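What you are looking at is a predicted structure, and each value in this text was computed from that prediction instead of being measured. Just the heavy atoms: all of them, side chains too, but no hydrogens, waters or symmetry mates, feed the values below.
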Protein chains: 2
Amino acid sequence: MRPHELPEIRHLPLFRDMLQGSFETLMQGAYAQTFPAGLELIRQGDPADFLHVVMEGQVELHAQWAGRECTMAVVRPVGTFILAACIRDAPYLMSARTLERARIILIPASDLRAIFHRDTEFAVSVINELAGCYRAVVRHAKGLKLRTSRERIASYLLRQSVLAGNVPSFVLPVEKRLLASYLGMTPENLSRALKSLDAEGVRVDGSRVIITDRAKLSALARPDPLIDGPDPEGASAGVALPPVGRLG
Amino acid sequence: MRPHELPEIRHLPLFRDMLQGSFETLMQGAYAQTFPAGLELIRQGDPADFLHVVMEGQVELHAQWAGRECTMAVVRPVGTFILAACIRDAPYLMSARTLERARIILIPASDLRAIFHRDTEFAVSVINELAGCYRAVVRHAKGLKLRTSRERIASYLLRQSVLAGNVPSFVLPVEKRLLASYLGMTPENLSRALKSLDAEGVRVDGSRVIITDRAKLSALARPDPLIDGPDPEGASAGVALPPVGRLG
DNA sequence: GCGAGGGCTTGATCTGGATCAAGCGCAGCG
DNA sequence: CGCTGCGCTTGATCCAGATCAAGCCCTCGC
């Protein structure tokens, strides 16, 4: 583990309130590792041995069934994933693969479980983290069930623009095919839909997005804090998406 | 509150391990109320004031956006809902309405939050509950993204049959229109799909379902513990569906 | 007992999005 | 530098599922 990494981890909402002793114990069992791009870190169904903390690089969480596959989220620094499985000591529900070279801290799940039994502050942090994760997935499910493809895209673009500081132009943080899968559609459909959003105040050039008419786009997207977040509690909370991770 | 209700609540996974004193404090602020059928208990966006515990009757959790609406889950006795919003002190992401006459215990969210800061055992129970809820929604989202309508129906029927004790015949626990919405389709589509499942080993007569060829149905549904549950941890864990609730 | 409403089915039609099939263009690599 | 692979687009076609529109039937209330 590198010297600058410890404070970074310590600063995460999940770890910042715990006792110093607990934190040290936790870190003693932890180790860091660097993985190449495109590596399958965990496979759904595997037993949950380690909580993963992404220090560098992006990690995709995805699920597969019957030969099909879909992206559930993308985690970026500094975020954690598969907390829930570790806590439950249950099999992972999702697989994870690196999208690029990634540095990851691995914390043994058993240490985690032992410590929140002893450190109430840490237990409370875990509660908050999980509640945030839960709400993030509920939002995602709401979007899938209540919005059409175009509406999902439109609100995604709007969200990205807001996260980047309300800028009218930004670069997509992930590949389009991944974004398509995350939004529950095919790459072809995303491609066509993006072009059709021309009429709704969006211009796309490669991975660059330019919002030319925010009002028109909003009229289509109808952004809603109960779907698009964030939790008022803090932007760092449960934003589960290409912009930020930390999914359990 | 009725005399038999206290032990029932105490016996829930969420409350069974906490200190007796904590439990008593929690119950002092709580009160029970009976609501008629079809009543909107909470509306999405409202501040989370009370954790709800369903003692009798079914409660539907649903979401709405842009005039559309969908069912997210059904909670039945004895289960709790909107735990996550209470913990976060954030607005509800879902609305709740009674499907029939229902008796509900209301526990002030502030008491809840105060107590898990003091009672680690309770905090741990909350962690487990939330982790289960989280995993339940992830499963639901996986089903929506990875399976077609027919596959979702098929696996739902199989799951119900298993929950009822692997019986070949059972009665649907909820109205079909609600089931359709829960499974992410229209009532018309559900109706037609159910009839078409005739060829896959299912006969439906009103709300009665008869599985005539389990193998054939399984071949279509391809049931998977990573989608259909349950968590190995215990059947009572995160089964979020028409069969059982306790969603945060 | 009868009327009204709502849930369910059924039919006809429409369409959003998937699938299949090329081409294009860029990045990585020999 | 040119080959190769892959991500992206574009076009053509197909299909699952939505929508629209009746009718049926059961339940409930008067």
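One finds no side-chain N or O of A/Thr148 lying less than 4.0 angstrom from the OP1 or OP2 phosphate oxygen of C/dG16. Look at B/Lys195 and you'll find a side-chain N or O under 4.0 angstrom from OP1 or OP2 of C/dT10. Between B/Ser149 and D/dA16, a side-chain N or O to OP1/OP2 separation shorter than 4.0 Å is absent.
Spacing between atom CZ of A/Arg150 and atom P of C/dT15 amounts to 15 Å, rounded to whole angstrom units. In this entry the distance linking CG of B/Leu194 with P of C/dT9 reads 7 Å, nearest Å. Rounded to an integer number of Å, the gap from A/Leu178 CG to D/dC8 C1' is 14 Å. In this structure, the CZ atom of B/Arg147 is 14 Å from the P atom of D/dG17, given to the nearest Å. Atom-to-atom, CG of B/Asp205 to P of C/dT9 comes out at 10 Å; the value is rounded to the nearest Å. For the pair B/Leu197 CG and D/dA16 P, the computed distance is 14 Å after rounding to whole Å. In this structure, A/Glu175 atom CD and C/dA27 atom P are separated by 13 Å, rounded to whole Å. The distance between atom CG of B/Asn189 and atom P of C/dG11, rounded to the nearest whole Å, is 15 Å.
Closest to the side chain of A/Met185, out of C/dA18, D/dT10, D/dT19, is C/dA18.
To the nearest 0.5 angstrom, A/Arg150 atom CZ is 14.0 Å from A/Leu183 atom CG. The structure places NE2 of B/His52 at 5.5 Å from CG of B/Leu41, a figure rounded to the nearest 0.5 Å.
Under 3.5 Å, the side chains of A/Ser95 and A/Arg43 contain no donor-acceptor pair of N or O atoms.
Exactly one of B/Arg152, B/Arg135, B/Arg147, B/Arg139 qualifies for a salt bridge (charged side-chain N to carboxylate O under 4.0 Å, His left out) with B/Asp228. That residue is B/Arg147.
Along DNA chain C, the nucleotide nearest B/Lys176 and the nucleotide nearest A/Leu190 are compared for position; the residue whose nucleotide lies closer to the 5' end is B/Lys176.
Residue A/Arg101 qualifies as open at atom CZ: its count of foreign heavy atoms under 6.0 Å is 12 or below.
Under 3.5 Å, the side chain of A/Glu188 and the base of C/dC20 form at least one donor-acceptor pair of N or O atoms. Counting distance only, with no hydrogens placed and no angle test, the side-chain atoms of A/Arg192 and the base atoms of C/dT19 include a donor-acceptor pair under 3.5 Å.
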